[in-house]
Number of protein chains: 2
Amino acid sequence: MFDSSLPQTIAVVGGTGPQGSGLAYRLARAGHPVVIGSRDPHRAAARAAELSALPGVPAPIRGTSNEEAVAEAGIVILAVPYEGHAELVRALAAGLAGALVVSCVNPLGFDRNGPYGLPVPAGSAAEEAAGIVPDAVVTGAFHHLAAPLLLDPDADLSHEDVLVCGDDATARQRVMALATDVTGGRGVDAGRLRMARQLEPLTAVLISVNKRYRTRSGVALTGLPQPLLTSVPVKE
Amino acid sequence: MFDSSLPQTIAVVGGTGPQGSGLAYRLARAGHPVVIGSRDPHRAAARAAELSALPGVPAPIRGTSNEEAVAEAGIVILAVPYEGHAELVRALAAGLAGALVVSCVNPLGFDRNGPYGLPVPAGSAAEEAAGIVPDAVVTGAFHHLAAPLLLDPDADLSHEDVLVCGDDATARQRVMALATDVTGGRGVDAGRLRMARQLEPLTAVLISVNKRYRTRSGVALTGLPQPLLTSVPVKE
């Protein structure tokens, strides 16, 4: 099981994509050792070099295959398209066992009426991963941060809330801390892993709003205490 | 078809419940003629009298049966539990035909793990209503406003965004204006009616957050222009 007290390498599976790259950059800038994975290790290495050259990265981001990235990391961010997700998680299962997994996978489809949430047999991509790798501690987070903003060194994301779900309270707290490292703002405890059923396809709403207002929208919650207190343990 | 240029009576079906009562109060306070409906017309009349006595209501809210309320209104807010929703909409179908319908129905279940979104065969309660009454113009909105805050005359809701979905752009704009009347803040064009699949069960996340932070949370979007411009027509 992951030890939340130690600094740990964070692997970003799908780290050459916009969302994965953006998270890798922000986490590296906050001081985390980061390795990005890709099916093509050469592509991962090239992207890692580009990201390492962005302002404020204290130590180079490395790039390698998804398998090798996962093997050396205690925390694994899944930032891959939903298409092929289950197959990829199965292929990485041995390395993911025992890791803290953060799924930011958004199962979305697009048709002539715009974006929509894809039906997911397990309920959500995060639950699908948890079902495939029961020995991993799976959480869901970072679904709603716009990749171009993550990759913009000057973009202030501190007003965006990162909603974190998972069935392990310690893991949620750990990911909430990572959220603060990424945005400078809040991670919010959204509860059980099955809340990913709502968090993942909410991205379709944001994309719809983005088209209508020509912007990059994000999510914030109202009514939370300022500063945000540690969430209260609840029986469930 | 509803005429968006005329002041119109707003019927709130399920208007004796907390959410319906709260919306009725806020809309009446903003100057709309409001009638609340209930299965029990006497109960509706009693609740209407209570609401009319709240601060700032310029003209009495009336209360009657759901059927009579719908019959005299051009705008109908559905604020009922999901249980029995389809049967109720079928029973009211004749009156709903031609009306602008605003569904704020949240199909939620609760078990020992807390709240969760119920599976809805039509995708969402709003789409279910639209399927039953194809001659109504159905929108979804007001899913995320906490009823106790709606009913609190002093509660400032202007920082909460009301996400509005529907397949008729004119209807969405009309409901966005109603949202501003309710909260003093923004209505946000969230796009097609099927976005209700995301908006409705998002309430489960808010309830989960409320339990953890002992608060009444709501939704706001980041990244929208201030002041909010009219949304851009999009092809979809």
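Proteins get letters first, then strands, A, B, ... in listed order; numbering begins at 1 in each.
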Query raised in the report: Would you say the side chain of A/Gln198 lies within less than 4.5 Å of the side chain of B/Arg197, judging by non-hydrogen atoms?
Result: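 They are not in side-chain contact.
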Requested in this report: State, with a plain yes or no, whether a side-chain heavy atom of A/Arg194 is found less than 4.5 Å away from one of B/Ser208.
Outcome: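 No, every pair of side-chain atoms sits at 4.5 Å or beyond.
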Query raised in the report: Hey, what do you get for CG (A/Leu202) to CE (B/Met195), rounding to the nearest 0.5 Å?
Result: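 Rounded to the nearest 0.5 Å, the CG-CE separation comes out at 10.0 Å.
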Query raised in the report: Can you tell me how far the CG atom of B/Leu221 sits from the NE2 atom of A/His144, to the nearest 0.5 Å?
Result: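 Interatomic distance, B/Leu221 CG to A/His144 NE2, rounded to 0.5 Å: 10.5 Å.
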Report task. In plain terms, say whether B/Asp189 and A/Lys211 are close enough for a salt bridge, that is, a side-chain N and a carboxylate O under 4.0 Å apart. Result ->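 Not counted as a salt bridge, because no side-chain N and carboxylate O are separated by less than 4.0 Å.
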Query raised in the report: Do A/Asp111 and B/Arg192 meet the salt-bridge criterion of a basic N to acidic O distance under 4.0 Å?
Result: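 No salt bridge links B/Arg192 with A/Asp111.
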**Report entry** Donor-acceptor under 3.5 Å (B/Ser217 side chain, A/Thr222 main chain)
**Finding:**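 A pair under 3.5 Å: no.
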**Report entry** A/Ala190 versus B/Val205, closest heavy-atom pair with distance
**Finding:**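 Shortest heavy-atom contact: CB-CG1, 4.1 Å.
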Report task. Give the minimum heavy-atom separation between B/Tyr213 and A/Pro225, together with the two atoms involved. Result ->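 Nearest heavy atoms, B/Tyr213 then A/Pro225: CB-CD, 4.3 Å.
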Query - Residue part contacting chain A, namely of B/Leu206, when any heavy atom lies under 4.5 Å - result: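 Side chain only.
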Query raised in the report: Is the count of non-hydrogen atoms from other residues, nucleotides or ligands lying under 6.0 Å from A/Glu83 atom CD greater than 12?
Result: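 Check fails, neighbour count at 12 or below.
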Query raised in the report: In terms of heavy-atom pairs under 4.5 Å, which option from B/Gly218, B/Pro201, B/Ala146, B/Pro119 contacts chain A the most?
Result: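 Most heavy-atom pairs under 4.5 Å with chain A: B/Gly218.
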Requested in this report: Give me the contact list for residues 150-160 of chain A versus chain B, heavy atoms only, anything under 4.5 Å, ordered by residue number.
Outcome: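 Residues in range: A/His159, A/Glu160.
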